[in-house]
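Working notes for the structure below.
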Amino acid sequence: MRLSHLMSRTLRQAPSEAETPSHRLLLRAGLVQQLAAGIYSFLPLGWRALRKIEQIIREEMDAAGGQEIRMPALQPVELWEASGRRETYIPPLFIVKDRRERELALGPTHEEVVTELFKQQVQSYRELPVLAYQIQTKFRNEIRARGGLIRLREFIMMDLYSFDADWEALDHTYDRVFQAYVQTFQRCGLPAIAVHADSGPIGGKDSQEFMHLTEVGEDQVLTCERCGYAANTEKADHRKVTLPPEGPLPLEEVATPGVKTIEDLARFLGAPVEKTLKAVFYAASQPGSGGGPEPVFVAIRGDLVVNETKLRNVLGGAELRLMDDREVADVGLVAGSASPIGVKEAAKRPVRVVADDSVLSAPNLIGGANKPDVHVRNVNYERDWRADVVADIALAEPGYPCPQCGEGALSLHRGIEVGHVFKLGTMYSERLGATFLDQRGQQRPAVMGCYGIGLDRLLAAVIEANHDERGIVWPAGVAPYAVHLIALSPDRAGVRDAAERLYAELGERGVEALYDDREESPGVKFADADLLGMPLRVTVSPRTLEKSAVELKRRTESETTLVPLSEAAARVERVVKVVAG
RNA sequence: CGGGGUGUAGCUCAGCCAGGUUAGAGCGCACGGUUCGGGACCGUGAGGUCGGCAGUUCAAAUCUGCCCACCCCGACCA
């Protein structure tokens with residue numbers, strides 16, 4: 001491609017709305033142009049890079065046994081009603097109407113559609129496993145688009161769906177796709193780690209996200225350097241400090257005038273925070289069930305914080321929000337001095353009680369009394385109160401002991417989620433009737449997995465991970481072009497002729513080259529070459545031609561080498577192959 | 001949706017608080033000339049519904065109100 005006719009321009013200054021490095025470089029290098037919030041056009045260079053990524057993914061998914069298909073972006077909403085997600089899917093679907101007022105959803109994901117496909121196309125266990133994938137535009141009515149290509153409302157996703165006969169077979173398929181993901185990110189030049197992720201209320205067995213760790217990521221990840229444990233903060237566990245066992249002491253009310261918070265309480269009574277019992281009130285609404293919110297009383301040891309994702313899962317996917325003091329009072333309880341003891345009797349409405357498992361082994365805690373300015377000493381689980389649900393609902397925080405090895409301390413990082421692999425199970429196959437006949441002729445629902453990679457976001461992450469102060473430093477596998485050919489002072493000393501010949505010869509050899517044939521000063525051309533970031537720069541100038549040579553320079557290095565003009569194309573081809581690995 | 005911020009030329013911004021001739025600068029773009037290995041220089045020129053609508057006023061980029069768009073922070077996700 002000739003730079004003189006390329007349908008994009010480089011920008012010396014990035015538009016002010018761009019803050020993250022990848023966003024700034026995407027705009028400065030002329031890879032994309034924004035049309036609206038979270039909606040972008042791809043310009044030639046950006047599109048080529050995206051297609052390189054697409055091809056890597058395609059090759060890896062094929063190698064893992066995937067079959068490429070193509071499903072519609074327009075989906076009848078009836079299908080979403082059948083799966084039960086019409087109302088529960090967040091963010092809400094983009095809905096359009098056809099001329100007969102029939103509602104169609106712009107597909108944000110394709111579990112429903114692929115399950116329909118399976119239903120008709122696959123009947124026997126002998127055909128399993130089936131791994132079907134597509135690379136296609138998705139539409140999500142995101143609450144907020146952000147970070148350039150990091151969070152889009154229209155984006156390209158590779159989504160693969162697997163169907164197995166049982167959970168054990170799914171485990172194997174999952175591992176296979178997992179490995180394909182590892183390979184994919186490696187080939188894209190993106191450092192990425194797999195972290196444990198929330199699998200949501202669907203209750204799948206495993207779910208992992210692939211994260212590129214970077215300051216500008218929007219996800220938070222806790223890792224243990226000692227054993228390698230890594231988890232999204234919404235999923236992360238930690239080894240809870242247990243308190244020394246004590247015999248239960250009798251309940252004892254104490255006056256605590258003006259004490260509202262756990263910190264106040266611990267200070268007032270001279271007790272450590274972990275000897276207190278914290279009460280938190282949530283209003284839980286089941287999405288899609290028209291009823292009002294249900295009050296939930298959450299009890300957790302005073303030193304711990306509630307992880308709302310875990311709590312939501314325990315409550316079957318309810319939407320949660322903290323109740324304010326007035327709402328707490330309306331239920332008949334006392335904020336700041338609430339007690340799990342007799343809470344159900346004290347409340348005016350039915351209250352669900354959820355306890356973190358930290359309270360089980362914590363004897364003689366100090367809790368509320370359901371009376372203002374009074375607390376109770378020596379609260380013991382089981383003897384004094386019981387919860388409807390006991391589960392781990394604690395938030396893991398940096399510095400806490402690792403749940404896996406127990407020795408390392410968790411540390412916090414930010415990351416961009418570039419991929420997600422997920423053991424779905426049989427929810428969709430059961431609801432939509434995607435069954436197969438097993439060896440004994442029994443109808444059974446397929447055990448599904450789903451796996452996604454956001455291509456646009458991956459492209460942004462690749463730039464995030466591969467740039468310097470001058471511009472992009474494309475990994476060879478993703479670079480729009482392998483070579484950036486520059487003709488300096490093209491009107492002098494046969495430079496244009498030499499450059500044209502080299503450009504043509506590279507084309508004949510199948511070397512992808514971007515050719516800067518513009519009438520620009522050397523400074524501009526070099527600066528643009530650095531900004532655009534192709535792996536190999538080839539310069540033809542009066543100075544090199546004096547020596548009957550051209551100059552080669554890798555984007556990752558500062559040294560240049562001269563190679564004879566006569567061998568230039570062959571040498572460039574060879575270097576390109578070396579760079580590509 | 002709540003909180004914060006920004007809208008003036010293709011990009012970066014000044015002008016607005018204290019309303020008053022043809023609304024400015026740098027970069028970019030066009031033409032001519034000089035340069036030519038790290039974003040050169042000189043000259044000429046094109047390019048603007050000052051986000052939109054309404055209001056106040058003799059007069060609005062500037063003051064007031066409403067609306068819109070975009071960015072950032074929180075809940076969702078690839």
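Chain A is the first sequence line, chain B the second, and so forth, proteins listed ahead of strands; every chain is numbered from 1. Model, not experiment: these values are computed from the prediction.
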Mind checking if [X] touches a base, just sugar-phosphate, or nothing, with heavy atoms under 4.0 Å?
X	answer
A:D159	nothing
A:E17	sugar-phosphate
A:L458	nothing
A:D530	base
A:A14	sugar-phosphate
A:E142	base
A:Q34	sugar-phosphate
A:R146	sugar-phosphate
A:T109	nothing
A:V524	base
A:G147	sugar-phosphate

Exercise. Considering only atom P, compute the distance from B:G45 to B:G38 and round it to an integer number of Å.
Key: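 Per the computed distance, 32 Å lies between those P atoms.
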Quiz item: Distance between the P atoms of B:C17 and B:C27, in whole angstroms?
Solution: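 The answer is 29 Å between these two P atoms.
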Is any N or O donor-acceptor pair between the side chain of [X] and the base of [N] shorter than 3.5 Å?
X	N	value
A:S521	B:G39	no
A:E551	B:G37	yes
A:R457	B:C77	yes
A:D491	B:C36	no

Quiz prompt | A:F185-A:F210 aromatic ring centre distance below 6.0 Å | solution =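 Yes, close enough.
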Practice problem: Would you confirm whether the ring centroid of A:Y133 sits within less than 6.0 angstrom of the ring centroid of A:Y161? | Solution: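 No: the rings miss the under 6.0 Å criterion.
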Could you tell me whether the phosphate oxygens of [N], OP1 or OP2, come under 4.0 Å of any side-chain nitrogen or oxygen in [X]?
X	N	value
A:R144	B:C72	yes
A:S16	B:U12	yes
A:R312	B:C76	yes
A:R12	B:G28	yes

Practice problem: For the residue pair A:Y451 and A:S162, confirm or rule out a side-chain donor-acceptor distance under 3.5 Å. | Solution: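 Yes, because at least one side-chain N or O of A:Y451 sits under 3.5 Å from a partner of the opposite role on A:S162.
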Quiz item: Nearest to the side chain of A:A527, which nucleotide is it out of B:G37, B:C77, B:G39?
Solution: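 Minimum distance to the A:A527 side chain belongs to B:G39.
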Quiz item: Less than 4.0 Å between a side-chain N and a carboxylate O, is that true for A:R58 and A:E54?
Solution: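 Looking at A:E54 and A:R58, the cut-off is met.
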Quiz item: Is the aromatic ring centre of A:F155 closer than 5.5 Å to the centre of the six-membered base ring of B:A78, with the two planes inclined by less than 30°?
Solution: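 Stack criterion met.
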